[in-house]
*Asks:* 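Submitted below is the structure of interest, expressed as structure tokens.
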Amino acid sequence: MADPPMSKAQMHLKHPDFVRVAGYSATEVIKTFNRPQKAVDMLTPYWIYVGEPMDNLPFTIYAYCMADYFRGSFVPRNRSHEMSMRMQQKVEEGGAQFEFRQEVEKILVKDGRVYGVRTRRGDEIHCDYVISGAYPNRVYTQMIEPLSEVPEGAIKFVNGNRLNVCPVSVMLILAGTPEENGFVNYNTFSGDTMDTNEIWRNSQNLTEPYNFLTTVCLNFANPDCVPAGYTHVSITNLVPVDPFLDVKEEEYYDLKRRLASEMIGKFIEANGVDFRSRIAEIEVSTPITISHYVGAWKGSIYGYSHSMDNHIVAKRTMEEEDHFIKGLEFAGAHALAGDGQAPQIKNGRLAAKGVLKDMKKKEAAR
Ligand SMILES: Cc1cc2nc3c(=O)[nH]c(=O)nc-3n(C[C@H](O)[C@H](O)[C@H](O)COP(=O)(O)OP(=O)(O)OC[C@H]3O[C@@H](n4cnc5c(N)ncnc54)[C@H](O)[C@@H]3O)c2cc1C
């Protein structure tokens with residue numbers, strides 16, 4: 001059953017540091033550490049995984065992300081998809097049923113409460129609760145049936161939330177071992193500057209080569225990910241989706257090739273080993289790829305941005321007001337805990353708590 005929320009007094013007593021830094025940006029709090037710039041620069045690159053320049057990134061979100069890194073990590077042997085499949089297995093053991101390749105087209109609502117969904121195939125499934133992985137942007141503008149059931153506040157909610165960053169990735173299999181290709185560790189951040197305002201400015205357009213990259217060589221975490229003698233690499237930048245919205249269909253493939261070529265070139269500049277002649281396989285993905293394959297709103301994988309003017313603490317306080325249709329919960333990067341695989345488990349748990357809370361309320365009203 002849902003945990004009762006902690007009182008403000010308890011919060012001050014039990015988590016004074018959390019309360020003390022809640023109103024400050026990552027830059028503001030890190031300044032108080034009085035560390036040399038080099039140390040600050042070493043603490044900065046992870047900003048990209050939460051997608052907001054350090055001056056506008058709430059320290060709370062930055063600290064949450066860094067705490068995860070300091071605790072260490074696990075990499076599933078058969079990729080992250082294995083993790084989803086294992087969770088599916090567990091949930092099925094609990095009696096749930098999965099229906100793959102069934103897109104939900106409509107969420108059926110009457111008198112402010114959901115009563116089911118309709119799939120693209122046309123099947124109508126009646127239920128008391130819907131937990132949506134689709135973004136509120138799509139749900140409130142296209143999926144609720146009838147749309148007259150969407151309150152004005154829901155539209156204000158989607159308009160008031162800015163989409164977070166999306167990945168542009170070049171995925172490569174290279175002939176030769178990681179060492180032969182110049183890789184010495186799992187994750188390398190590289191670029192011209194560690195000024196995140198400048199990186200943010202650079203990522204707003206598609207004309208300049210990206211000036212900040214995060215590169216992962218999977219061999220170091222998972223030596224069996226490719227046959228012996230090969231290297232598995234992904235070179236990524238995480239950027240706002242806006243510049244991609246104006247790309248014309250006929251320009252798209254050229255753009256992908258140019259971005260890939262620039263990103264590989266930039267990484268090689270930093271890495272020092274030119275592996276271009278050893279590329280055995282290459283795939284390039286953009287926000288358009290993500291939108292196409294998983295239907296994420298405008299290709300966003302990171303949900304809504306967490307910024308100083310749209311702070312997690314404020315979001316938490318507004319939870320009740322931001323709940324617009326009874327029986328409808330959201331679980332995904334667009335929900336409270338934000339992006340990443342681990343936060344999705346948290347978001348799923350929060351959605352389940354929402355359902356349980358409503359069930360309890362309904363029971364009490366009987
Ligand atoms: C290249 C890349 C690298 C990443 N690396 C990491 C990493 O190292 N660590 C990390 O923590 N995170 C990483 N992420 C981010 C992480 O994958 C996402 O933040 C997370 O998957 C978001 O979860 P989600 O449930 O919102 O969306 P998804 O994982 O996209 O799941 C949403 C699901 O809902 C389905 N769906 C949507 N609409 C409908 C509908 N109408 N009907 C039926 N089904 C629907 C979609 O098909 C999809 O299966 C990475 C993402 C990418 C793209």
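Whatever order the structure lists ligands and atoms in, that order sets their numbers, starting from 1. Just so you know, these numbers come straight off a predicted model, no measurement behind them.
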*Asks:* Have a look at ligand 1 and work out which part of His334, if any, has a heavy atom under 4.0 Å from it: side chain, backbone, both or neither.
*Replies:* neither
*Asks:* Closer than 4.0 Å and a protein heavy atom, does any atom meet both conditions relative to atom 19 (O) of ligand 1?
*Replies:* yes
*Asks:* Is atom 23 (O) of ligand 1 close to the protein, meaning a heavy atom under 4.0 Å from it?
*Replies:* yes
*Asks:* Charged N to carboxylate O under 4.0 angstrom, Glu363 versus Lys360?
*Replies:* no
*Asks:* Quick test: of every protein heavy atom, which one is nearest to atom 26 (O) of ligand 1, and how far off is it to 0.1 Å?
*Replies:* Ala333 N, 2.7 Å
*Asks:* May I ask whether Val40 and Phe70 are part of the same hydrophobic cluster, defined by side-chain heavy atoms of I, L, V, M, F, W, Y residues being less than 4.5 angstrom apart, directly or through others?
*Replies:* yes
*Asks:* Check for me whether the distance between the ring centres of Phe330 and Tyr140 falls short of 6.0 Å.
*Replies:* yes
*Asks:* Between Asp55 and Thr27, do the side chains contain a donor N or O and an acceptor N or O under 3.5 Å apart?
*Replies:* yes
*Asks:* Could any protein non-hydrogen atom be found less than 4.0 Å from atom 47 (O) of ligand 1?
*Replies:* yes
*Asks:* Can a non-hydrogen atom of Gly340 be found less than 4.0 Å from any atom of ligand 1?
*Replies:* yes
*Asks:* Mind checking whether Arg138 contacts ligand 1 via backbone (N, CA, C, O), side chain (CB onward), both or neither, at a 4.0 Å heavy-atom cut-off?
*Replies:* side chain
*Asks:* Nearest to atom 39 (C) of ligand 1, what protein heavy atom do you find, and at what distance?
*Replies:* Ala134 CB, 4.4 Å
*Asks:* Look at atom 36 (N) of ligand 1 and say which protein heavy atom is nearest, naming residue and atom and giving the distance to 0.1 Å.
*Replies:* Val294 O, 4.4 Å
*Asks:* Has Pro167 got any heavy atom lying under 4.0 angstrom from an atom of ligand 1?
*Replies:* yes
*Asks:* Is it the case that more than 12 heavy atoms not belonging to Arg120 sit under 6.0 Å from its CZ atom?
*Replies:* no
*Asks:* If you measure from each non-hydrogen atom of Ile290 to ligand 1, which part falls under 4.0 Å: side chain, backbone, both or neither?
*Replies:* side chain
*Asks:* Could any protein non-hydrogen atom be found less than 4.0 Å from atom 32 (C) of ligand 1?
*Replies:* no
*Asks:* Atom 13 (C) of ligand 1: which protein heavy atom is closest, and how many Å away?
*Replies:* Gln341 NE2, 3.8 Å
*Asks:* Can we say Glu99 and Arg121 salt-bridge, meaning some charged N sits less than 4.0 Å from an Asp/Glu carboxylate O?
*Replies:* no
*Asks:* Counting the benzene-type ring for Trp, do Tyr46 and Phe189 have ring centres under 6.0 Å apart?
*Replies:* yes
*Asks:* Side chains of Gln37 and Asp41 only: does a donor on one sit below 3.5 Å from an acceptor on the other?
*Replies:* yes
*Asks:* Atom 10 (C) of ligand 1: protein heavy atom closer than 4.0 Å?
*Replies:* yes
*Asks:* Have Ser7 and Gln10 got a donor and an acceptor in their side chains that come within less than 3.5 Å?
*Replies:* no
*Asks:* Whether Asp358 and Lys361 form a salt bridge (side-chain N of Lys/Arg under 4.0 Å from carboxylate O of Asp/Glu) is what I want to check.
*Replies:* no
*Asks:* Who passes side-chain hydrogen bond (donor to acceptor under 3.5 Å, both in side chains) against Glu283, sequence neighbours left out?
*Replies:* none
*Asks:* Say whether Glu105 and ligand 1 are in contact under the criterion: heavy-atom distance to a ligand atom below 4.0 Å.
*Replies:* no
*Asks:* Counting only heavy atoms closer than 4.0 Å, does ligand 1 sit against the backbone of Gln344, its side chain, both, or neither?
*Replies:* side chain
*Asks:* Report yes or no: does Asn310 contribute a side-chain atom to a donor-acceptor pair with the main-chain N or O of His306 at less than 3.5 Å?
*Replies:* no
*Asks:* May I ask you to identify the nearest protein heavy atom to atom 51 (C) of ligand 1, giving residue, atom name and distance to one decimal place in Å?
*Replies:* Ile301 CD1, 3.3 Å
*Asks:* Note the single closest protein heavy atom to atom 1 (C) of ligand 1, along with its residue, its atom name and the distance in Å.
*Replies:* Ser169 OG, 4.0 Å
*Asks:* Can you pull out the closest protein heavy atom to atom 44 (N) of ligand 1? Residue, atom name and distance to 0.1 Å, please.
*Replies:* Gln102 O, 4.7 Å
*Asks:* Please list the nearest protein heavy atom to atom 42 (N) of ligand 1 with its residue and the distance rounded to 0.1 Å.
*Replies:* Val104 N, 2.8 Å
